[in-house]
Amino acid sequence: MTDFNRSVLPDAVRSNGATPNPWWANAVVYQIYPRSFQDTNGDGIGDLKGITSRLDYLADLGVDVLWLSPVYRSPQDDNGYDISDYQDIDPLFGTLDDMDELLAEAHRRGLKIVMDLVVNHTSDEHAWFQASRDKDDPHADWYWWRPARPGHEPGTPGAEPNRWGSYFGGSAWQYDPKRGEYYLHQFSRKQPDLNWENPEVRKAVYRMMNWWMDRGIDGFRMDVITLISKHLDGHGRLPGEVGSELSEGEIGEEGYTDAGPFCSDGPRLDEFLAEMRREVFEGREGYMNVGEAPGITPERNEFITDPAHKELDMLFLFDHVGVDQEGSKWNTVPFEVRNLRARLADQQEAVRNAGWASLFFCNHDQPRVVSRWGDDSDRESRELSAKAFGMLLHMHRGTPYIYEGEELGMTNAHFTKLDQYRDLEAINAYRQRVEEARCQSPESMMAALALIGRDNSRTPMQWDASRYAGFTAADAATEPWIGVNPNHVEINAAEEFDDPDSVYGFYKKLIAMRHGNATVATGEWNLVAADSEQVYSFTRTGGDDTILVMVNLTGRTARVPAEVARLLGNGVSESQVLLSTYDAVHGVKSIARGELARWEGVVIQL
């Protein structure tokens with residue numbers, strides 16, 4: 001019913017520079033990780049029928065769009081991000097008929113469905129890749145194949161075409177004895193990179209995308225789409241290849257060079273994205289595209305999402321979720337409010353005149369924000385800090401994304417043993433950094449995994465207090481594919497659903513504000529008190545309407561910054577408090593004292 005709750009933004013209100021305003025300018029997206037959402041057949045893995053069974057819950061929450069992580073046929077080396085058949089559903093999740101039923105039932109409730117699109121790479125079991133192993137096959141140039149370095153025995157250390165490292169550990173090159181050459185894989189060795197320089201590759205991808213759009217989906221979230229264009233020298237050689245005019249950079253602590261600068265935001269990216277828009281989306285209505293964008297700056301985000309350039313609607317930037325990392329992802333540093341504010345401010349400022357922002361803290365690759373930057377040590381602290389970060393995110397200008405369970409204040413898994421993890425990245429990183437390169441201690445690595453490992457967000461959705469949290473039947477013969485968080489007894493949807501003061505109730509209010517208040521949805525964003533060590537403050541302005549947002553992102557009492565106090569003048573009344581992480585009375589009293597309690601956030605009508 002969300003379509004009917006969300007008002008249409010009038011043309012007098014400016015969003016991303018398009019006319020008329022796009023439907024998603026005041027929408028909220030909910031990400032579902034299918035294998036962890038709802039299991040209906042007792043095999044310990046979530047499925048499409050499970051998602052369909054929970055649509056009423058999602059409609060009640062008020063979200064508009066459901067983004068599904070991959071459900072295509074896959075060997076599941078990287079939990080479905082290694083696709084072997086783009087036009088079929090993996091039996092783990094169901095069938096194409098189940099997908100059609102989900103689409104129909106979602107649309108009946110006013111919910112749109114966006115599918116994950118993984119086309120920087122495929123599975124090595126995809127028919128395209130298997131055909132490319134034959135140098136005489138028409139698919140021979142569909143992937144990045146290269147011979148061994150001259151003077152080296154193929155398949156032996158040092159024979160790789162260059163010294164690039166994989167994001168999942170080890171070399172980014174894998175030797176294939178059948179073809180007698182190496183193929184590039186920026187991620188798992190079972191995820192070979194497609195060669196987007198080949199126009200036949202692009203045509204095949206667009207045909208597949210059109211097939212899904214014609215089937216009734218409402219758009220795509222495009223996995224690492226900004227990696228599809230590689231930097232090549234004048235002769236088509238990659239950096240570091242023998243004879244290449246481009247250097248591959250310095251060797252890092254794990255023994256490899258970084259492919260990122262040479263595969264992110266390549267020279268043909270805009271061309272490829274504009275071509276995709278023409279070939280798949282021109283003439284269609286009601287769709288939405290968002291691209292995962294490693295290596296993209298806020299300034300480039302403005303260009304790519306400017307509707308005048310006809311590329312993508314939104315991008316996921318990552319500079320703000322790296323503020324607690326230094327150098328390696330696994331070298332964590334304390335969270336500081338000023339660092340998060342600086343990164344988000346850059347993103348907001350870049351799309352002030354054109355383009356659009358994606359707003360997120362959590363997803364399937366990020367840990368739970370309440371454990372990462374909040375405080376999950378006790379119920380009160382968890383609920384307050386979950387609300388504080390929720391308020392902060394949803395009051396920015398852009399489209400908010402909620403990751404499954406975020407609306408409940410779900411926490412990290414708090415695993416203590418390596419064998420509790422299932423994530424390929426985590427397991428490989430431990431082996432690479434602790435056992436092989438020996439650049440990190442076992443204790444430090446386990447602490448990093450517990451804080452920011454991807455499996456923290458992948459534990460089963462906590463529906464109720466039963467044995468398996470309602471994710472699968474309490475008497476199911478097969479345990480869930482990954483451990484259920486023991487705190488599901490206290491943190492679950494059944495406990496929060498009818499409680500207006502719960503984290504779930506708070507998220508419903510945030511979503512309703514996005515739907516019904518044009519200033520929240522599209523109003524101008526301006527930072528206030530840029531130097532505060534605890535409080536993140538900004539205004540949202542639309543015409544004569546101004547809203548002040550201020551959030552104490554710490555577990556200590558904070559002074560209201562002087563710049564904010566000047567805006568408040570003689571204080572505020574309860575009627576001016578549009579939302580509070582405590583309540584309106586508490587907010588008024590706090591402001592009168594010139595302070596904010598721990599994790600206190602208030603949205604004030606000026």
Side-chain angles (χ1 to χ4, degrees), residues 5 28 60-62 337 361 369-370 373-396 400 402 406-411 490-517 519-520 528-529 532 534-540 545-561 564-565 567-606:
N5 292 335
V28 178
D60 177 84
L61 180 60
V337 175
F361 289 143
V369 69
V370 70
W373 298 333
D375 182 355
D376 66 3
S377 62
D378 60 78
R379 176 171 179 166
E380 184 180 53
S381 298
R382 178 186 63 82
E383 292 183 348
L384 285 171
S385 58
K387 292 176 181 179
F389 279 101
M391 174 184 286
L392 179 75
L393 187 81
H394 283 249
M395 289 298 108
H396 278 78
I402 300 170
E406 185 178 354
E407 77 281 8
L408 303 177
M410 278 180 60
T411 73
E490 296 85 28
I491 306 170
N492 61 70
E495 181 78 15
E496 298 187 32
F497 190 79
D498 293 321
D499 180 0
D501 294 326
S502 66
V503 178
Y504 179 87
F506 190 80
Y507 267 75
K508 288 188 68 171
K509 294 171 187 174
L510 288 171
I511 295 167
M513 290 180 72
R514 173 78 39 172
H515 288 167
N517 189 318
T519 302
V520 171
V528 182
S532 175
Q534 295 177 262
V535 179
Y536 189 148
S537 308
F538 53 89
T539 57
R540 303 295 310 283
D545 184 44
T546 299
I547 294 170
L548 170 68
V549 180
M550 58 174 172
V551 187
N552 177 6
L553 293 179
T554 73
R556 312 181 311 277
T557 300
R559 297 296 303 170
V560 172
V564 175
L567 286 176
L568 295 173
N570 296 322
V572 299
S573 64
E574 289 180 32
S575 63
Q576 290 178 267
V577 179
L578 303 181
L579 190 62
S580 168
T581 56
Y582 286 76
D583 57 50
V585 173
H586 194 287
V588 169
K589 290 180 178 178
S590 291
I591 291 168
R593 291 193 301 269
E595 63 185 28
L596 292 175
R598 65 190 191 109
W599 307 115
E600 184 167 20
V602 285
V603 179
I604 299 167
Q605 184 77 59
L606 294 181

Open item on the list: Side chains of Asp375 and Ser385: any donor to acceptor distance under 3.5 Å?
Closed with: no

Open item on the list: Please give me the minimum heavy-atom distance between Arg559 and Val535, naming the atom from each residue.
Closed with: O-CG2, 3.8 Å

Task: Option among Thr546, Asp545, Asn517 that satisfies the side chain to side chain donor-acceptor pair (under 3.5 Å) test with Gln605 - done: Asp545

Open item on the list: With heavy-atom distances below 4.5 Å as the criterion, would you say the side chains of Phe389 and Val370 are in contact?
Closed with: no

Open item on the list: Working note: Trp373 + Phe361, criterion ring-ring contact (aromatic ring centres under 6.0 Å, His included); need CA distance, chi angles, decisive distance, verdict.
Closed with: CA-CA 10 Å; Trp373 298 333; Phe361 289 143; 5.7 Å; yes

Open item on the list: Under a 3.5 Å distance rule, please check whether Arg540 uses its side chain to pair with a backbone N or O of Ile547 as donor and acceptor.
Closed with: no

- [ ] Apply the test salt bridge (charged side-chain N to carboxylate O under 4.0 Å, His left out) to residues Glu383 and Lys387: give CA-CA distance (whole Å), side-chain angles for both, the deciding distance (0.1 Å), then the verdict.
- [x] CA-CA 6 Å; Glu383 292 183 348; Lys387 292 176 181 179; 5.3 Å; no

Task: Pair Thr554, Gln534: side-chain N/O donor-acceptor within cut-off below 3.5 Å - done: yes

- [ ] Report the residues that fulfil salt bridge (Lys or Arg N to Asp or Glu O under 4.0 Å) with Glu407, sequence neighbours left out, ordered by chain and then residue number.
- [x] none

- [ ] Kindly say whether Ala597 contributes a backbone atom to a donor-acceptor pair with the side chain of Asn552 at under 3.5 angstrom?
- [x] yes

Task: Check: Ile491 and Glu495 side chains under 4.5 Å, non-hydrogen atoms - done: no

TODO: Could you go through the side-chain contact (heavy atoms from CB on, under 4.5 Å) check for Val549 and Thr539 one step at a time?
DONE: CA-CA 6 Å; Val549 180; Thr539 57; over 6 Å; no

Open item on the list: List the residues meeting salt bridge (Lys or Arg N to Asp or Glu O under 4.0 Å) with Asp60, not counting sequence neighbours, and say none if there are none.
Closed with: Lys508

Task: Exercise: identify the closest heavy-atom pair between Tyr507 and Ala386 - done: OH-O, 4.3 Å

TODO: Locate the shortest heavy-atom distance separating Val503 from Gly409; write the atom from each residue and the value.
DONE: CG1-N, 3.7 Å

TODO: Check step by step if salt bridge (charged side-chain N to carboxylate O under 4.0 Å, His left out) holds for Arg598 and Glu380.
DONE: CA-CA 11 Å; Arg598 65 190 191 109; Glu380 184 180 53; 2.8 Å; yes

Open item on the list: Is the shortest side-chain heavy-atom distance between Leu606 and Leu568 below 4.5 Å?
Closed with: yes

TODO: Please round to the nearest 0.5 Å and tell me the distance separating atom CD1 of Ile591 and atom CG of Asn570.
DONE: 13.0 Å

Open item on the list: Pair Ile402, Val28 - check side-chain contact (heavy atoms from CB on, under 4.5 Å), show working.
Closed with: CA-CA 8 Å; Ile402 300 170; Val28 178; 3.8 Å; yes

Task: Residues Ser580 and Asp583: side-chain donor-acceptor under 3.5 angstrom - done: no

Task: Exercise: identify the closest heavy-atom pair between Leu596 and Val551 - done: CD1-C, 4.5 Å

Open item on the list: Treating Ser502 as the side-chain partner and Asp499 as the backbone partner, does any N or O pair qualify as donor plus acceptor under 3.5 Å?
Closed with: yes

Task: Thr581 vs Val602 side-chain heavy atoms within contact, under 4.5 Å - done: no

- [ ] Using modelled atom types only, decide if a donor and an acceptor are shared between the side chain of Arg514 and the backbone of His394 within a distance under 3.5 Å.
- [x] yes

Open item on the list: I want to check something: taking the side chain as every heavy atom from C-beta on, are Asn492 and Leu408 in contact at a cut-off of under 4.5 Å?
Closed with: no

TODO: Kindly indicate whether the side chain of Val577, heavy atoms from C-beta on, has any atom under 4.5 Å from the side chain of Val603.
DONE: no

Open item on the list: Restricting to non-hydrogen atoms, name the atom on Leu61 and the atom on Ile511 that form the minimum distance, rounded to 0.1 Å.
Closed with: O-CD1, 3.5 Å

Open item on the list: Is there a side-chain contact between Glu600 and Met550 in this structure, where contact means two heavy atoms from C-beta onward sitting under 4.5 Å apart?
Closed with: no

Task: Aromatic ring pairing Phe538/Tyr536, orientation class (parallel under 30°, perpendicular over 60°, tilted between) - done: perpendicular

Open item on the list: Just to verify, what does Tyr504 make a ring-ring contact (aromatic ring centres under 6.0 Å, His included) with, not counting sequence neighbours?
Closed with: Tyr57, Phe497

TODO: Measure from the side-chain N and O atoms of Gln576 to the backbone N and O of Ser573, and report whether any donor-acceptor pair falls under 3.5 Å.
DONE: yes

- [ ] Determine, stepwise, if the pair Asp501 / Phe506 fulfils side-chain contact (heavy atoms from CB on, under 4.5 Å).
- [x] CA-CA 7 Å; Asp501 294 326; Phe506 190 80; over 6 Å; no

